S.K.: 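Input: one structure, supplied below.
Since the structure is predicted, the reported quantities are computational estimates derived from the model, not experimental observations.
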Amino acid sequence: MEKSQLYAAIAAAVPEAATAEGKQFVELTVAPEKLKSVMGRLRDESNLSFDILVCLTGMDYGTDLGVVYHLRSYAFNHMAVVKTRISDRENPAVDSVCSIWPGAEYHEREVYDLLGIRFNDHPDLRRIFLDSTWGYPLRKDYKDDVNIVSK
Amino acid sequence: MEVKEKMGRLENEEYIINMGPQHPSTHGVLRLVVALKGEIVQRVEPHIGYIHRGIEKMCENLTYQQIIHLTDRMDYLSAHINNEAVCLTVEKALEIEVPERVKYIRTIMSELTRIQSHQLFWATFGMDLGGLTCFFYGLRDREKILDIFEESCGGRMIVSYNTPGGLMNDIHPNFQNRVKEFLKYFRGVIHEYDDLLTGNVIFQERSKGMGVMTKEEAIAWGLTGPTGRASGFSCDIRKHNPYSAYDKVTFREILYTEGDVFHRYLARMEEMRESMNIIDQLIDNIPEGPFTAKMKPVIKLPEGEYFQSVETARGELGVYIVSDGNKNPYRVKFRSPNFVNLAPLNLMARGSKIADLVAIGGSLDLIIPDIDR
């Protein structure tokens with residue numbers, strides 16, 4: 001499927017997401033509360049079938065936090081990017097996609113560890129690399145008193 | 001009576017043992033908390049992070065040329081391919097077309113990297129299962145590739161040979177001859193690998209039918225590399241989204257359907273042969289030309305985000321760079337193959353014996369610095 005066709009197909013399947021024909025992949029922006037239903041349909045629609053979660057990235061956009069999902073389809077070998085933004089920095093939370101792609105479990109634990117975003121209904125949400133004395137190092141406002149890296 | 005009661009309690013009790021962080025078969029600082037009932041594994045819970053260096057955080061303060069050197073330290077057996085991933089992402093963002101010569105050399109180097117990585121896998125996997133001879137044989141042959149690297153790149157394992165736009169320096173005049181010599185040599189001795197391990201009855205008994213992942217599970221968990229392909233999940237990035245010179249060569253994607261330890265092993269063995277075929281097709285046709293495109297000394301990526309996957313020896317390495325237009329990236333994410341491949345270990349090992357856990361862990365070919373980053 002060409003990118004423009006894929007764009008049209010995605011826009012038809014998930015009208016509540018803001019879809020854009022991005023530079024590299026089709027990009028969707030979804031509100032956190034609608035994320036899970038959008039993801040479920042992206043996997044289950046027969047002409048999309050995004051059955052592989054390639055990459056799950058936590059982001060700090062300065063004001064907002066966000067999660068970026070790179071999805072791929074095994075049958076069609078096309079890719080799409082789904083983004084969600086959370087404006088609450090104190091208590092950020094988004095629905096877990098572990099029930100859709102079990103492989104998301106470790107990715108989400110990593111994002112929770114390094115950015116402090118909670119994932120609702122995650123089977124085992126614990127910090128994965130660091131212990132509980134650390135803050136959230138990948139946040140842009142993280143102050144590291146001990147170590148060396150500074151611009 | 002009392003003794004009998006105690007015996008009964010012990011039989012029904014689950015006990016927890018720690019495997020690692022210092023354990024010869026975890027190949028690094030991986031700690032597995034294993035719940036056992038007798039000899040049978042009930043649960044495996046990997047504890048990782050012992051070698052977490054915060055590479056993604058460090059990248060935010062470094063220039064793109066400097067980041068290359070950190071990627072070596074993730075999966076140190078696929079160092080060249082990791083470098084290539086970052087370079088391809090930067091080149092894609094800058095819309096630079098690298099010279100043909102660079103593409104060919106990168107592909108040859110990548111395949112040599114894959115061979116030496118699989119050789120080390122074979123060596124240590126044999127050792128895990130009790131065949132110490134494998135270790136010596138594997139390292140003997142791997143040394144020859146490292147010598148080729150040393151001659152052209154200067155480094156043996158941590159090569160840092162790629163730079164955005166091309167290569168650090170041109171290949172050594174001797175390079176083509178050395179590679180051809182090596183291929184001739186290795187084709188002559190690879191049967192020893194099969195003689196020593198593949199056909200061994202004890203080895204087969206210990207690996208066939210162990211730690212099975214079906215194709216559906218492999219896709220759902222996102223397993224890639226030989227681990228995914230042994231389950232029948234066709235996930236070779238070189239085939240599906242070719243980069244560098246992979247669109248100019250013909251090769252076979254190694255696919256099995258069994259998805260057990262033995263076929264993960266077999267996939268790597270066959271991949272070594274396929275890698276040699278790929279090098280065969282390229283080594284005599286390296287075009288003349290410059291070894292790097294014209295690059296500015298300070299690289300600033302245009303604002304936006306860029307994603308590129310490559311096939312390392314262990315699976316799909318994805319590099320996701322978000323740039324705000326400065327000379328440092330705003331955010332870098334490495335989707336490392338081992339991190340994803342480790343996740344279903346509990347699923348694979350449940351119900352097997354504790355000794356088989358070593359085989360299952362070994363068959364995933366884990367590199368711990370790549371998991372922790």
S.K.: Could you check whether any side-chain N or O of R331(B) sits under 3.5 Å from a backbone N or O of T57(A), counting only pairs where one atom can act as donor and the other as acceptor?
M.R.: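 Not a single qualifying donor-acceptor pair exists.
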S.K.: Rounded to the nearest 0.5 Å, what's the gap from OG on S309(B) to NE2 on H70(A)? Could you check?
M.R.: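 Reported to 0.5 Å precision, the distance equals 8.5 Å.
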S.K.: Against chain B, work out which of D60(A), L114(A), D124(A) has the most heavy-atom pairs shorter than 4.5 Å and name it.
M.R.: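 Maximum pair count with chain B is reached by D60(A).
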S.K.: Shorter than 4.5 Å, heavy atoms on both sides: which option in F233(B), Y320(B), F307(B) has the most such pairs with chain A?
M.R.: F307(B)
S.K.: Pick one of side chain, backbone, both or neither for R109(A), based on which atoms fall under 4.5 Å of a heavy atom in chain B.
M.R.: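 R109(A) has no heavy atom closer than 4.5 Å to chain B.
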S.K.: For C55(A) and R335(B), which heavy atoms make the closest approach, and how far apart are they?
M.R.: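 The pair with the smallest heavy-atom distance is SG-CB, 3.7 Å.
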S.K.: From M59(A) CE over to E305(B) CD, what is the distance, rounded to the nearest 0.5 angstrom?
M.R.: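 Reported value, rounded in 0.5 Å steps: 7.0 Å.
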S.K.: Heavy-atom distance under 4.5 Å to chain A: side chain of H240(B), backbone, both or neither?
M.R.: both
S.K.: Between I219(B), V322(B), L62(B), who has the most heavy-atom pairs with chain A when the cutoff is under 4.5 Å?
M.R.: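 Heavy-atom pair counts peak at I219(B).
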S.K.: Side chain, backbone, both or neither: which part of E216(B) has a heavy atom under 4.5 Å from chain A?
M.R.: neither
S.K.: With a 4.5 angstrom heavy-atom cut-off, could you sort out which part of I371(B) is near chain A: side chain, backbone, both or neither?
M.R.: backbone
S.K.: Can you tell me how far apart CD (E110(A)) and NZ (K333(B)) are? Round to the nearest 0.5 Å.
M.R.: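 Nearest 0.5 Å value for the CD-NZ distance: 4.0 Å.
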S.K.: Heavy-atom distance under 4.5 Å to chain A: side chain of Y50(B), backbone, both or neither?
M.R.: neither
S.K.: Within 45° of the six-membered ring axis of Y74(A) and under 6.0 Å from that ring's centre, is NZ or CZ of K215(B) located there?
M.R.: no
S.K.: Heavy-atom distance under 4.5 Å to chain B: side chain of R127(A), backbone, both or neither?
M.R.: neither
S.K.: When heavy-atom pairs shorter than 4.5 Å are enumerated against chain B, which of I128(A), V81(A), L130(A), D113(A) gives the highest number?
M.R.: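 Maximum pair count with chain B is reached by I128(A).
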S.K.: If we only count heavy atoms from C-beta on, is the M79(A) to N241(B) side-chain gap below 4.5 Å?
M.R.: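 Contact flag for M79(A)/N241(B) side chains = no.
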